[in-house]
**Q** 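Input: one structure, supplied below.
Ligands are counted one by one from 1 in listed order, and the atoms in each one are counted from 1 as well.
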Amino acid sequence: MADIIEKTVSDLRLEKRFAERLEHPERVIEFTFPLKRDDGATIFLMGWRSQYNSALGPYKGGIRYHPAVNRDEVILLSKLMTFKNSLAGIPYGGSKGGIAFNPKEFSRAELERISRQYVRELYRFIGPDVDIPAPDVNTTAEMMAWMVDEYNILTGKKEYATFTGKPVEFNGLKGRDEATGRGAYFVMLEAFARHKIPKSAKIAIQGFGNVGMNLARILYENGYMVVAVSDSKGGIYCKDGINVSKVMALKSEGKGVQDYATNENANVKLITNEGLIESECDVLVPAALDNQIRKDNAAKVKAKYIFEAANNPTTAEADAILNERGVVVYPDILVNCGGVSGSYIEWVQNREGRIYTYEQVVKELEGVMKRAFSLVASEKDKDNKISYREAAYRASIRRLAAAMQYQF
Ligand code: NAD
């Protein structure tokens, strides 16, 4: 990513010091802490919070629980948040946090102890005007509730705006749970209109969690054709379209998406997550983890359009191959900025002591996404040689540099 920042700063004829500032995090907090397991054994877990850049306001970014979490990944994701928040036009810097462990191997009581301990390690460094965490991969609204409760106990305040993505009944926001998927949907609508992509386009979505499932549902409810979905155990493909509601019902019973492939749905094929990336489709949406489109599979992607709903799903080498092949890639900092924009509305709601209706949230979100899309589209229109990723970075870095000029 170093290259795209340097190149963008140079293309925009901005001073080099802006690129230098954007190359490094302002602060990274790293810690290990003990966890007493349910069976009495003590283990140690490692956690991080990277506060990358605060030029536009308090740091903002999610918390990830995953065995692959590490210092470099957290820093990279916090960097992405910096550019995303700038592009979304919200008053936030960028951050990210995480703990390296597999939450599937821990009980609910253990997950609560881990979440509360994470806050004990960090509470001096976060707050509604300092750094505002939110959910990310494998972290839920319930975990945000434990975290904000722990924060309020430790500080003796009732500062719900310190965390976003909370349960609605605990000062959360109606519609926050689907905001990333809905935001991606708004971006897709704009792009479909811009490129004249027909409604019958075949859409493949990798990942069926918060982002992938909500996006698949919203597309399905609006008459679009989702031909492939997947979760960590594998995926399904059906050229005539998948009944997303039925797959959601299976997931809510604790089953996997592949359980949809029964005798009743004989034309549904089982595929791997790799297979999904290479599947026969017009539009591909990675909505799971990082680095899913790499130099070894980028040439095999059949889609003409990619919408990066996940963070960092395409490696730099793969991006170059896709550009070369004329595949249009809408970048993560645009496609998934609906999540943090929903979080922003939640933060405003908590700080103002008011309660937004679901309809107000959707309308606000639509406005944010359309504005961000049009910023990217107009950069692209000004210079058609660049990719949509470069266009998004130009729009984002313009805003960051305009604020940074007063700060150093
Ligand atoms: P999630 O934990 O709710 O879901 C992740 C999904 O990925 C699950 O369906 C899981 O089964 C699947 N998965 C796990 N391992 C996989 C693998 N090896 N191959 C394919 N699929 C696999 O997470 P989420 O919140 O939906 O986040 C997905 C992506 O979107 C991440 O990159 C995240 O950073 C990004 N994102 C999330 C939000 C948000 O509001 N939740 C906002 C912006 C960006």
Side-chain angles (χ1 to χ4, degrees), residues 60-69 73-74 76-81 83-85 87-88 94-98 102-104 133-144 163-166 172-173 175-184 187 204-217 228-236 244 247-248 250-252 254-258 271-277 279 284-294 297 307-314 331-346 365 369:
K60 179 94 187 84
I63 300 169
R64 181 175 290 200
Y65 289 175
H66 195 277
V69 167
E73 184 189 74
V74 172
L76 178 66
L77 292 169
S78 68
K79 188 174 186 177
L80 271 180
M81 287 308 297
F83 298 109
K84 186 185 305 181
N85 296 344
L87 181 63
S95 58
K96 200 81 175 194
N102 184 357
K104 291 182 184 140
D136 189 67
V137 174
N138 290 327
T139 46
T140 61
E142 183 178 46
M143 291 169 189
M144 295 306 113
F163 288 82
T164 57
K166 304 177 292 290
L173 183 80
R176 170 61 186 89
D177 53 345
E178 61 158 46
T180 312
R182 187 160 298 276
V187 168
I205 302 176
Q206 185 194 48
F208 207 70
N210 175 292
V211 180
M213 185 186 72
N214 280 301
L215 175 61
R217 171 181 61 78
V229 293
S230 67
D231 58 25
S232 58
K233 297 189 205 93
I236 47 174
V244 175
V247 182
M248 285 175 66
L250 291 168
K251 286 295 274 187
S252 68
K255 296 182 179 157
V257 303
Q258 292 201 331
I271 54 171
T272 60
N273 269 299
E274 280 290 306
L276 186 138
I277 297 289
S279 66
L284 174 64
V285 186
L289 297 175
D290 329 17
N291 299 332
Q292 297 300 300
I293 309 176
R294 299 172 302 267
N297 62 2
F307 292 86
E308 294 182 338
N311 281 315
N312 204 29
T314 312
D332 44 10
I333 63 170
L334 170 66
V335 178
N336 70 35
C337 76
V340 71
S341 304
S343 279
Y344 168 62
I345 305 168
E346 180 175 338
L365 188 64
M369 301 312 293

**Q** Does R294 pair with E274 as a salt bridge, N-O distance under 4.0 Å?
**A**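 Looking at E274 together with R294, the answer is yes, because their closest N to O distance falls below 4.0 Å.
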**Q** Would N336 and T180 count as having a side-chain donor-acceptor pair, cut-off 3.5 Å?
**A**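 There is no such pair between these side chains.
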**Q** Should the pair K96-D136 be classified as a salt bridge under the 4.0 Å nitrogen-to-oxygen rule?
**A**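 Looking at K96 and D136, the cut-off is met.
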**Q** Is there a donor in the side chain of N138 and an acceptor in the side chain of K104, or the other way round, less than 3.5 Å apart?
**A**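 There is no such pair between these side chains.
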**Q** Any Lys/Arg nitrogen of R64 or D290 sitting under 4.0 Å from an Asp/Glu carboxylate oxygen of the other?
**A**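 Looking at R64 and D290, the cut-off is met.
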**Q** For N210, is there any backbone N or O sitting under 3.5 Å from a side-chain donor or acceptor partner on N214?
**A**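 Answer holds: yes.
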**Q** At a 4.0 angstrom heavy-atom cut-off, what protein residues surround ligand 1?
**A**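 Contacting ligand 1 under 4.0 Å are R64, D136, V137, N138, R176, T180, Q206, G207, F208, G209, N210, V211, D231, S232, N273, A287, A288, L289, A309, A310, N311, N336.
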